[in-house]
Amino acid sequence: MEETANTNAKWKVKAFDIVFKADSFYGKLFDAVLLIVIFLSVLAVVLESVAEIRFKYGIYFLWAEWIFTGFFLIEYIFRIVIVKYSWHYIKSFFGIVDLLSILPSILAFFFVGAQSLMIIRSLRLLRVFRVFKLTQYLGEASQLSDALLASRKKITLFIGTVLILVSILGAVMYLIEPPESGFTNIPKGIYWSIVTLTTVGYGDIAPITPIGQMIASLVMILGYGIIAVPTGIVTSELNKSRYESMNISCPHCQAKNHSTDALFCYKCGKKLQSD
C-alpha cells in the first residue's frame, strides 16, 4: 500500500516537472507542443470567421474545434490531478485562462457564435516567456502594471473630467445646432463630442453653423492635448519605479536593477535584505 502511494507520488512529481516547469528536455518539449496547438487553435478560430473559408471547410473547422477542446480539457484535468494544491492552480491567472479556453465550445451549444470567444486561448501563448526564459520581459510587464496601478487615482480623475466635459459640449451642440445637422438630442451630441475629442472623426455628424464649427475646431485642438495627459501620468510613474529599482542592489553580488518588491536577487538568489 505504501509502495503504491510512493509510486503515485513519484509519477506526479515527474509529471509536475514536465507540465509546470521548463527546465528539462521533456518540459520544454511539452510546452513547445502546447504552444503550437494553442497557435493552431487560435488560427482556426480566425480563419473560421471568414465566410468563404467557412463555407468550403466548415466541417473540418468543426472537427478541429472539438479536437482542440478535447485536448485542452484533458490537459486542464491533468494539471489539476498532478498539482499538489489544485485550488491554487484553479484560481490562478493561467488556471482561469485554461478554463476559459474550454468553455466557449460548451457555450456554442446555447449561444450562436460563442465559439469565436475561443480567441481567448491566445492568452495561453504568454507561456512562451517561461519556455524561452524571457523572464526579464515579465519583469517589465510587472513594472508597467505597477505604474498603472499607482496612477489609477489620477487616471480616474482625468476620465471623470473628460466625461463631464463631453457631456457639457454635447448639450451645447444640441442647443446651437439645428436638427438637420444630426444633433437631434443630447446623447447624439455627447457621442459627437467623444468622437471629436478623441480625434477619431467619423464624420457621420458634423456642425453646420459657424458657432458650432468654431466649437468643433476648439474641441479638435483640445483633443491633442488631452490624449497626452494619461501618457504623461503613466510615464511619470514608470520613471519613478525605474529610479527606485535602480537603487536596489544585492548586498552579496552587487547586482542592480531589482524590482521594488523583490525579496531575492535575480542573479545569485540570495536575500536582498537581511532580517
Would you give me the side-chain donor-acceptor pairs under 3.5 Å for residues 208-227, sequence neighbours excluded?
| from | atom 1 | to | atom 2 | distance (Å) |
| --- | --- | --- | --- | --- |
| T209 | OG1 | E177 | OE2 | 2.3 |
| T209 | OG1 | G212 | N | 3.1 |
| S217 | OG | Q213 | O | 2.9 |

Residues that V166 engages under side-chain contact (heavy atoms from CB on, under 4.5 Å), provided they are two or more places apart: V162, I190, S193, I194, L197
Residue list, side-chain contact (heavy atoms from CB on, under 4.5 Å) with A44, at least two apart or on another chain: F61, F68
Between [X] and [Y], which heavy-atom pair has the shortest distance, and what is it?
{"X": "T69", "Y": "E65", "value": "OG1-O, 2.7 Å"}
{"X": "V83", "Y": "I80", "value": "CG1-O, 3.5 Å"}
{"X": "R54", "Y": "E48", "value": "NH1-O, 2.9 Å"}

Residue Y76 excluded, over 12 heavy atoms near OH under 6.0 Å: yes
ring-ring contact (aromatic ring centres under 6.0 Å, His included) partners of residues 28-58, not counting sequence neighbours, each pair once: none
Pairs satisfying ring-ring contact (aromatic ring centres under 6.0 Å, His included), at least one member in residues 159-187, at least two apart: F183-W192
ILVMFWY network linking I77 to I38, side-chain heavy atoms under 4.5 angstrom: yes
Within one Ile-Leu-Val-Met-Phe-Trp-Tyr cluster: V33 and F16, side-chain cutoff 4.5 Å: yes
Lys/Arg N to Asp/Glu carboxylate O, E52 vs K56, below 4.0 Å: no
Qualifying side chain to side chain donor-acceptor pair (under 3.5 Å) pairs, either residue in residues 156-170, two or more places apart: none
Between D204 and Y191, a side-chain donor and acceptor under 3.5 Å: yes
